[in-house]
Amino acid sequence: MFNLSEEIKNTLKLALIAATLIACFYGGKFLQSRNKAIKIYSSALEDFKNKNYSNSYYLFSRINPMSKIKPAALYRQAQCAGILDDSESEEVAYKTLISRYPNNELSTDAQYRLGQILINKNPKDAKKYFKNVIKSHSQNDYKIASEYYLAKIMAFESPDKKEEIENGFRQYLTQYPDGRLAPDVIKTWREFDSEIKPDDLILIAKSYYKSGNYNEAEKILSNTDLKKSWAIQGANYIKKGQAQKGKSIILDGISENGDKVNKSDYNNAIEEYIKTEQDYYQASSYLLGKAKGKNKDYIWNIKCKHSPKSSRLACYEQLYANFPKGQYAQNAMENIILGRILNKNYGGAKTVADDYILKYPEGNNIDMVMFWRAKIEQKYSHNPQFDILYRNVINNFPDSYYAYRAFWITKSLNNAVIQTKLDVKPVEFPYRYPLKNSLLYNLILVQDYDLIKKITDDEFIKSWAEYKQGHYMTSVYTAQKAMEKIKNKPPKTDVRWRLVYPMNYYNQIRNNAANYNNDLALIMSLIREESHFNTYAQSGVGAIGLMQLMPSTAHDVGVNFGLSFNTTDLFNPELNIKLGNIYYSSLRKMANGLDLSAVAGYNGGMGSVQRWKKTLSYSDTDEFVEQIPYDETRNYVKKVFRSYWNYVRIYQH
């Protein structure tokens, strides 16, 4: 039997103890529980928000490599290092993220950031990272910026590849003429090529113009062909305060070279010209008489918009006859339909409506056209099948203003508001929660909403993240745009609707609406359209807070109800909602209880509404709304009642 000496036995015992201790240490580190990782990450994120970046960096580094949230921790480490001007640690963190987690959602973003860090000290590696970004499924703006950075590197490494290099510069300025990198693009381009092509000079000048650098734009434009640059040159002179010179260039341009500039530059030049005139109708009529070419339909559309009421219909009919396939054909047809209805030419309106529905089944205002097509059958043709047409509007465009009007008509309602109780439903994550092993799931656990917005392309998830951060205005805008992209709208029970129409400040709105006999859903809708729930909203004319109250109006209301406050107090949600309800209630009394008139008065003034009611020729509510002379007020009424309809639709008891 083999016997070990006592010395060897003791040595082995010590080795075993040491191995056990090491195993426990590293085993504990690599088997760090999810709860512990979440707790550490949450503490690190709190330090990050409080700008304690050194401690934040340290805590993020403690997340073990096996944790599902480690990629996010590395990304946050890199951010901390960057803020602390520790580029070496920033670089290491990004490289670790990319190498260990190459398929992670944050990897592409990390490669873009790393490329920016290395562009000067290691251009070869920077090229590699930018190329990876371009090949990825990342956002388009990252790809365009990476194309530019590649071109910038090549300008020094391979100047013989001139066309490829300049295409990178060109592509960025075409997409983002006033983008964050535009000044650097121009600087690099001009250093790289002392003889830039004339067409590219126009592109550079446009970027200067967009950024307000009109003097530099003028210098660049002096070396371009006026036949191709007149639109930018004319607008630039007007912006510089040399209106007559600019207008002269624009007049010559539209009469001789109207089709040699792109549509957006043409339209911008016309807009700048007309803004110098007091009478838009006369100015557009004069320009239309001078203009030649396919782009002049823009001028024609402006002329029609500002035409006297007596000649407006004829103007749109002429516009459509001359440009039946032009950019403004849809708009012309919509105005022809409404104009003929108001002139009691119902047969003519029906013909154009049918043609519109056939030509533009997905037109911008197809819901409006289908609504009026139904109304022609109901009110003017007395066709008993009109109800089917109204139901088509409700089914095909369930969230639109015209769905509300169709419902209102089919139910023979007597007031603009629909008497119903609302259930309070919170904003929720817009889908089923992601898998527990996903980065998104773990970021939700630690409430890292900034990184959630970074790793997802889903606009509803971004909207939800904004909402959770208290960014209500951004949340609503984001969700609304996302919903507009969906052709076949989801059912009203879909939680995504609550992001588009959230019930923010519900208790304050409910209590004050009840106190002043206002409809809760209507006040919610007013707030949504006035401020999108931004308590600090302030308009260019000085309207303040959630309900966008003018200080003078608010103080007048306050005096009458014994309320004393400073103007800055209007940013307080409770006070703003209270005063807004009092004011709206007074408008309703002036409008004899008619909410639609009160809403119009909230935007355009009650005096204006009363004047329109006396001067406009209309036979019902819909004809009145379509004729409201102020575009802003007409659209405001439609937006408020669209929101109102959706609040009732989504939250009804």
Side-chain angles (χ1 to χ4, degrees), residues 300-301 303-321 324 328-361 363-394 396-397 400-413 416 594 596-597 600 609 612-631 633-639 641-642 645:
W300 208 320
N301 189 61
K303 176 188 174 183
C304 294
K305 181 179 178 180
H306 296 286
S307 291
K309 186 178 177 182
S310 58
S311 61
R312 192 170 301 153
L313 174 59
C315 183
Y316 279 116
E317 288 176 331
Q318 291 167 4
L319 169 57
Y320 182 66
Y328 303 98
Q330 285 188 54
N331 181 58
M333 293 178 79
E334 293 156 12
N335 281 279
I336 291 168
I337 293 165
L338 292 174
R340 288 182 177 180
I341 287 172
L342 296 174
N343 285 349
K344 298 181 170 52
N345 179 3
Y346 307 121
K350 179 179 176 179
T351 299
V352 179
D354 288 340
D355 189 28
Y356 184 103
I357 293 169
L358 184 65
K359 292 177 70 173
Y360 305 111
N364 294 333
N365 292 301
I366 183 68
D367 55 335
M368 181 272 285
V369 174
M370 288 180 65
F371 170 82
W372 280 102
R373 180 67 182 80
K375 193 152 190 171
I376 289 171
E377 296 298 341
Q378 177 222 358
K379 188 170 183 178
Y380 312 117
S381 300
H382 306 291
N383 184 337
Q385 300 298 311
F386 72 86
D387 193 61
I388 296 174
L389 298 176
Y390 279 130
R391 284 203 299 273
N392 284 340
V393 175
I394 295 171
N396 292 324
F397 313 101
S400 74
Y401 163 79
Y402 290 100
Y404 156 73
R405 292 304 303 162
F407 179 87
W408 191 90
I409 290 170
T410 56
K411 297 299 181 181
S412 301
L413 300 176
L594 299 177
L596 193 141
S597 296
V609 175
W612 298 333
K613 286 192 168 186
K614 291 178 181 177
T615 57
L616 295 176
S617 175
Y618 59 94
S619 62
D620 63 19
T621 296
D622 295 305
E623 289 187 8
F624 171 75
V625 171
E626 300 293 0
Q627 291 186 88
I628 292 176
Y630 298 167
D631 288 350
T633 302
R634 182 173 63 255
N635 293 330
Y636 179 81
V637 169
K638 292 180 181 180
K639 286 191 291 186
F641 280 100
R642 176 185 179 178
W645 164 248

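Nearest heavy atom pair, residue Tyr320 against residue Ala332, reads CB-CB, 4.0 Å. The two residues Ile376 and Ala349 have their closest heavy-atom pair at CD1-CB, 3.9 Å. Of all the heavy atoms in Tyr360 and Ala329, the pair that sits closest is OH-CB, 3.6 Å. Closest approach of Ser617 to Gln627, counting heavy atoms only: O-NE2, 2.7 Å. Considering all non-hydrogen atoms of both residues, Ala353 and Ile337 come closest at CA-CD1, 3.7 Å. Nearest heavy atom pair, residue Trp645 against residue Ser400, reads CD1-O, 3.6 Å.
Looking at Lys379 and Ile409, their side chains never come closer than 4.5 Å, going by heavy atoms from C-beta outward. You'll find the side chain of Asn396 stays beyond 4.5 Å of the side chain of Ile366, heavy atoms only. In this structure the side chain of Ile628 never reaches within 4.5 angstrom of the side chain of Tyr636, judged on heavy atoms. By the 4.5 Å heavy-atom criterion applied to side chains, Tyr402 and Asn365 are not counted as neighbours. Residues Asp367 and Tyr401 are not in side-chain contact: their nearest non-hydrogen atoms beyond the backbone lie 4.5 Å or more apart. Between Leu338 and Arg312 the shortest side-chain heavy-atom distance does not fall below 4.5 Å.
By the side-chain contact (heavy atoms from CB on, under 4.5 Å) test, Asp354 is found to be paired with Lys350, Arg373, residues two or more places apart in sequence or in another chain being considered. Arg340 pairs by the salt bridge (Lys or Arg N to Asp or Glu O under 4.0 Å) definition with Glu317, not counting sequence neighbours. With sequence neighbours excluded, the residues that form a ring-ring contact (aromatic ring centres under 6.0 Å, His included) with Phe641 are Tyr404. With sequence neighbours excluded, the residues that form a side-chain contact (heavy atoms from CB on, under 4.5 Å) with Asn335 are Tyr316, Asn331. Remark: Phe386 pairs with Tyr390 by the ring-ring contact (aromatic ring centres under 6.0 Å, His included) rule, at least two apart or across chains. With sequence neighbours excluded, the residues forming a side-chain contact (heavy atoms from CB on, under 4.5 Å) with Ile388 are Gln385, Arg391, Asn392, listed by chain and number.
With rounding to the nearest 0.5 Å, the separation of CZ in Phe624 from CZ in Arg634 is 11.5 Å. Separating the CG atom in Asn301 from the NZ atom in Lys303 is a distance of 12.0 Å, to the nearest 0.5 Å. Note that CD1 of Ile341 and CG of Asn343 are 10.5 Å apart. Values are rounded to the nearest 0.5 Å. From Leu616, atom CG reaches atom CD of Glu626 across 12.0 Å, with rounding to the nearest 0.5 Å. Here CG of Leu313 is found 9.0 Å from CG of Leu342. Values are rounded to the nearest 0.5 Å. In this structure, Met368 CE and Tyr356 OH are separated by 6.5 Å, a value rounded to the nearest 0.5 Å.
Sparse packing is recorded around NZ of Lys344, with 12 or fewer heavy atoms of other residues, nucleotides or ligands lying under 6.0 Å away. By the neighbour-count criterion of 12 heavy atoms within 6.0 Å, atom NZ of Lys305 is sparsely surrounded, having that number or fewer from other residues, nucleotides or ligands.
Ring centroid separation for the pair Trp300 and Tyr328 does not come in under the 6.0 Å cut-off. Residues Trp612 and Tyr618 keep their aromatic ring centres 6.0 Å or farther apart.
The residue from Met333, Glu334, Gln330 that alone fulfils the side-chain contact (heavy atoms from CB on, under 4.5 Å) condition with Val369 is Glu334.
Stacking of Arg405 on the aromatic ring of Trp408 is recorded, both the 6.0 Å distance cut-off and the 45° axial limit being met.
Looking at Gln378, its side chain never comes within 3.5 Å of a backbone N or O of Ala374 through a donor-acceptor pair.
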